Every structure is written in structure tokens, then in C-alpha cells.
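What follows is a set of notes on a single structure, which appears directly below.
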Number of protein chains: 2
Amino acid sequence: MTLSDQHSGHQTTRTRHKKSRLPTLQDVAERAGVSLSAASRALSRDQKPVAAEKRERVLAAARALGYSANPLAQGLSTRQTGLVSIIVNHIGDLSDLDLFDILIGRLQDVGKQASIVRLGSVKSARDFLRGSISYHVDAALIFSDFIGPRQARDFFRTNHVIMLNGRQDSQSLSVQPDDAPGIQQAVENAARHQVETATLITGRESSELEKQRIAFYRTALARYGILVSTQLHGDYSYASGVTAARQIDPRHYTDAIFCTSDAMAMGVLDVLRDREDGIIPGRMRLYGFDNLSLTDLHSYPISSIGFDKRDYVEQVVSLLVDPAQARKGPRHLGVPTRFYGRQTG
Amino acid sequence: MTLSDQHSGHQTTRTRHKKSRLPTLQDVAERAGVSLSAASRALSRDQKPVAAEKRERVLAAARALGYSANPLAQGLSTRQTGLVSIIVNHIGDLSDLDLFDILIGRLQDVGKQASIVRLGSVKSARDFLRGSISYHVDAALIFSDFIGPRQARDFFRTNHVIMLNGRQDSQSLSVQPDDAPGIQQAVENAARHQVETATLITGRESSELEKQRIAFYRTALARYGILVSTQLHGDYSYASGVTAARQIDPRHYTDAIFCTSDAMAMGVLDVLRDREDGIIPGRMRLYGFDNLSLTDLHSYPISSIGFDKRDYVEQVVSLLVDPAQARKGPRHLGVPTRFYGRQTG
DNA sequence: ATGAAAGCGCTAACAT
DNA sequence: ATGTTAGCGCTTTCAT
């Protein structure tokens, strides 16, 4: 590439033999009659030293050519891809779609692209991640509970891993809802309505998170003198809520049911509606968990416990945008839950 | 980089000054005592000429180092990133979550990563896409109805744009459900149950797709001699279903309601349940559209019309994996819808 | 079969 | 402020 080439406004040796590529920075520089680096500086998002007049020429050339930087090439230099991967089990595991929508929107706001990685099963996790782009992203948001903090650091050899599945250690960054206040408020609500006996329908007790959550319920219930007559296990799903509700002995009086997911609560509600044999929806208080938007439907007006999704996402983004700062400040961020009263509670 | 360096198993000049980078192909080559290109060939997924013994050494070295290729760098050479972007308005616009889950899973099966781009609003679309990675992906799947086929080709330099929003032209690739059979079957079902008068609750008639759908309904209804007593407009949402249902005049007898979305049908059902003034759920047949998994819930046992999601995704993937073939074969693929009978129909 | 070398498109020293 | 140059990590000619 000779100097005279660079100043010609026409096809260059480089562009000639490639048929109709996208315009490159090289092309822009040539058209503007400046050096490659000058063009790079002019187009850079942070203020780099360029003569105002020169910058204009470059910008004009870029516009004329319909130039758009290749993030891959940029990434190769800067080691920043602009890609953030969101690691989930299945899509449905993100119990709330709204959260997902807000998260992706905010990521885009701060110049990141969301890439969804669906793990599906435990075994494939490690191998899969190694092979994929996820291995080289700016940050990874771990929603999947298949991955622990150590593995996460091992997989992504970056510090930019944010644990959102409740599995954190002292070294990791994390954001986690604080279940206590919401549970406390829900139980208080029950107590105010003269609830004396409660049934607990929980998820897998293998999860640390769930164990802790159950402890919160029991502590709060005890505080108000509410007896836990039964504890049943489900897997957070609607179907498991149905199954659990059917196991409740009608003769065994209970005047409130607390479920650790809204989906289970929905299943419970549908069973209660079908039964005329002692447990009547009108007399029974039902509390869910997650505050799914589905609980706004007329047919599932279930009181629930949840956190502010925008708040949550904001915490995640704050860890993302300035990881240096994040490393100094608190590594584990929390967002409080609160009680959302509806018809059933 | 001297030859002796290459044969030493220790830190090389290159690795030394970069603090703890990920191992590169260079590192693998050095450890295996082969050239860079030999290592590349050995690790290539398609069979390149390498001595079997050499390949083994390279593979071993790669394993020992925990090497994993950098897709960005590969992409810079091959112009293939392994990224596919899914362009949507909002996440909720993908009326079915399941579809999303299946799609991402299958993309991963064929070695692609899904990147979600949330457009949010029309105006930002063009500018946004130009700046982002999406501009340089292997393919773009357009679910957002903000983007037409021409714009899509303009945005993404590639031909690998698949229109999934119903807005296609002769040049574009597309997959689209064929609404006719499902509608025909639903109407036939109504006719078999002595339905004589029907109400139609539709979405925005500005959409070509919706207009066509309505035409299908009217044709099928006419064929069975069913009278359309009223046509109301909603926006596909639950809330708009509620609003529409409240507008139905109780004195105006109708014995079936057809909605062009399940969400609207859910709203309608909830209104019907509340009303005791003439329209009784038991006597009224209700048909939705989309076959949402929510219609499997006890409280919304709504008969619906939908397509097989796996089938649909398979069509999309088929266009993706071999675009050359796709360009020869049919460019517009369809998946048939069918009727899913539940309690309400 | 194999290695050297030339890119892919860009950024970041490094001089000037 | 500006241009030159050396990478970023990989694939691919092109000789051998």
C-alpha cells in the first residue's frame, strides 16, 4: 500500500480483489485522505486527539461509504467483544419473562449485546461453554444453578462473572434477592387475618437457597405463633403444585398455604377450586412466590412475594459496567423482596 | 521467536509479557513442537492433511493447556462468527416462550450461538443494528415486525436473513405458519357443535398477516353457514380481550367466540365467568389462537389453533445451515397449523 | 504433509 | 496532532 494509493479516492489494491466486502476503516481512511490510525481516532467513541477538520472529513467519508466498524476486529485488539452471555438452564427457568426483557434492554443501553446460552443439562455444561463464544465474552451472567462459583471462574477465565443463581463465594460477584422482608410481610399479613395453621409447599430442598427460604418462613411463622401443619415438596412447577395440593388431607385443617413459587400456587388454586370437600378457596389464604405477571390475571389473583425487577437489573448492570469498582465495593449485592397483596392473601 | 524457544515446554517470549492470557494456538503449537499452521490444521473441524502422529501431539498439547479457540479471531479469518441474532420487539412479543427455548437449543445443536436483539422502538432500529455485533452475524432471524424484507437486507449485508414476521418478498428467506388448516378445523369443530352465530375478536388490522387470517375465518365460517354477528378489535393482549368481551351485548345472542390470540381468549374467558347475565361459559364455545402452553392450565382450558414448534424451528434451521441450498429450493417455508381441542371448544 | 508468511479489520504504542 | 508499525489469534495460500 503506497502513499499515493491512500490518497486516491478510488478502488485500492486491497478492495479490488475482494468482491463487494463491507467497507473497512481502510476504505474510510483512503476516501478521507487520512491515515488509518487517524480514521480510527476520529471514529473512536472516547475522545482521541484529532484535528476537528480532519474528524469531519472522516465522519463524512464513513457516512458516505455506509461504514460500520467490525466489532470482531475491534475485539481482537481491545479484548472487549461487547457480548455478555446469559447462562440459563432452560428459558423457562428464568421464572419471569419481564426480568429477561428488562435485562436485555439495559444491557443494550450500556452498549452490550446479550447472548443466551441454554445449558439444558449438567453434563454438557463445561464442554459446551469451552467451545462457544461464551468463553470469550465480556461478562457472563449465571442464572443456571448447574454452575457453581468455582466452576464459573474456571470456565470463564475472567473475573467478569456474575452469579445470579444464589451460588456464590467470597471471591465472586453476585446479585441476589433478599427473601426475608417479603416473607416476613406475607406472614404478617396472614397473622393479621387470624391464620393459625399453615401448609408449606416448597421446592427441591437440595438447593441452599430453598433451604434458607424455608427457614425464613418457619422463623416468621413461629414469631406469629402460626403452626406449620404440613410441609410438602414440589419442583416449582404448576404440575407439582397440583400434585401437592391433592395430598393435603381435607380433614386436616389448615387456613393458609405458602408456596415457594407462583406456578405451584397456581396449581394449588386450581385444585382448591375443584374441591368442595372442606378446603374452600374463600376461606383459605394462598401465598405464592416470584410475583409472576401471571398473578395479575383474573383467574390467578395470587398474593405473592417478589422484588423490583428494574432494581435488580440495575444492580447487575452496576457490577458490569465498572468491574474495577465492583472489585473494591461490596461483591454481593442484594435487592429486597416485598409482599404483593392480591385476592388470595 | 527462535526454534529452540518453540521446543521448550516453558514460557515463551510471547506468553511472558502478557500476564496470564488464555492459551493461544501459538502456545499449543510450541508445546507440541509443531508449526502454527500444523496446529491449526490438526484442530480444524474439517479434515485437513496432518500426520496422525502429529495430530495426536497437538490434541494432547491443547488438552494439557486447556486451549480453546477464540471464535473472534477465527471469525476475522473465516467471516463466520457462529453468532445468530434474533431480532424481536420485546421479549414478550415472542408469543410463545417454548418456541424461543426450542429455537435457541437447536441453534446450539448446529453450532450457533443465539444473540437476542431487543428493538424496543422503530426509530432506533437502523442505527442500533449498524453499531452492534448483529451487523456482523452469520444470520439474523427477524421476529420483529418493525423490519421489512428490504430493510433487513440493507441492514445485514448478508443474505442470511430469515424473515419470521410475515413480511417477506420474493428475494427473502422466510418461514411462516399456514393459518388456514387450523382455522378450518376450528370452525369445523364449531359447526359440528351446532354453532350458528359467532363473534370475532381480532388484532390490529393494519397487519397484512392479520387481515389474511380474518379472511380465513370468514371464509371458513361462511362455508359452514355460521353467521358473524360481531367483530371486535383488540391488540392481542389479555387486557384487550377483557375489554372486547365487555363490549359484547348480552342480549345479542352469539354461541361462539373466535379470538386471534390466546391471551385475548383468556381475557374473554375471565369476563364470561364473571357474568351471569346471559353469556354462560358452559353454553359458549371459545377458540383462541397460538396454542400457548398457558392453555394447558386448568383455569384456561381454551381450545386453540397452533403449529408444531419443533417443526417450525426445524424449518428455520434448515434455511440456516445450508443457505446455498436454501437459495435454490423454496425460499418461503410454511408450517401447517392445526386445531387443539380443549374444554372450551 | 508441512512451515513461512500473508492477511482478516482494527487499536495502541511509538515516533515525530 | 498525525502517521508508521506492530500486534490481537486465527485461517489460508503458497512453496517445498
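When reading the values below, keep in mind they use all heavy atoms of this one structure, side chains included, and skip hydrogens, waters and symmetry mates. So that the names make sense, note that chain A is the first sequence line, chain B the second, and so on, each numbered from 1. From a predicted model like this one, the values you see are computed outputs, not experimental measurements.
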Once you round it to whole Å, what is the distance between [atom2] of [N] and [atom1] of [X]?
| X | N | atom1 | atom2 | answer |
| --- | --- | --- | --- | --- |
| B:Gln26 | D:dG7 | CD | C1' | 12 Å |
| A:Leu76 | D:dA6 | CG | P | 18 Å |
| B:Asn70 | D:dC8 | CG | P | 12 Å |
| A:Glu53 | D:dT2 | CD | C1' | 13 Å |

Note to self: Name the residue from B:Val161, B:Leu320, B:Ile87 that meets the side-chain contact (heavy atoms from CB on, under 4.5 Å) definition with B:Leu141.
What the structure shows: B:Leu320
Notebook entry, point to check: Which pair of heavy atoms, one from A:Pro23 and one from A:Gly66, lies closest together, and at what distance?
Noted result: CG-O, 3.9 Å
Item checked: Heavy-atom closest contact (B:Leu83 atom, B:Val137 atom, distance) -> O-CB, 3.3 Å
Presence of salt bridge, [Y] and [X], under 4.0 angstrom:
| X | Y | result |
| --- | --- | --- |
| A:Lys48 | A:Asp46 | yes |
| B:Asp169 | B:Arg153 | yes |
| B:Arg310 | B:Glu314 | no |

Next item on the list: Might you work through the side-chain contact (heavy atoms from CB on, under 4.5 Å) test for B:Leu107 and B:Gln113, ending with a clear yes or no?
Entry: CA-CA 6 Å; B:Leu107 286 177; B:Gln113 279 281 303; over 6 Å; no
Next item on the list: State whether a side-chain donor-acceptor pair under 3.5 Å links A:Ser37 with A:Ser35.
Entry: yes
Notebook entry, point to check: So, B:Gln168 versus B:Gln176: side-chain donor-acceptor pair below 3.5 Å or not?
Noted result: yes
Check: More than 12 foreign heavy atoms under 6.0 Å from CZ of A:Arg331: is that the case here?
Finding: yes
Next item on the list: Assign a letter to each nucleotide of nucleotides 11-16 of chain C from its 5' end: B, base within under 4.0 Å of a protein heavy atom; S, sugar-phosphate only; -, no contact.
Entry: BBB---
Next item on the list: Kindly determine whether A:Ile86 and A:Leu164 satisfy side-chain contact (heavy atoms from CB on, under 4.5 Å), including the steps that lead there.
Entry: CA-CA 10 Å; A:Ile86 299 179; A:Leu164 301 168; over 6 Å; no
Checklist line | Bending between helix ends of the helix from C:dA1-D:dT16 to C:dT16-D:dA1 [5 pairs per end, 10° resolution] | finding: 40°
Checklist line | DNA chain D-proximal residues of residues 54-62 of chain B, any heavy atom under 4.0 Å | finding: none
Margin query: Taking 4.0 Å as the cut-off, does a side-chain nitrogen or oxygen of B:Arg79 come that near to OP1 or OP2 on C:dG9?
Written below: yes
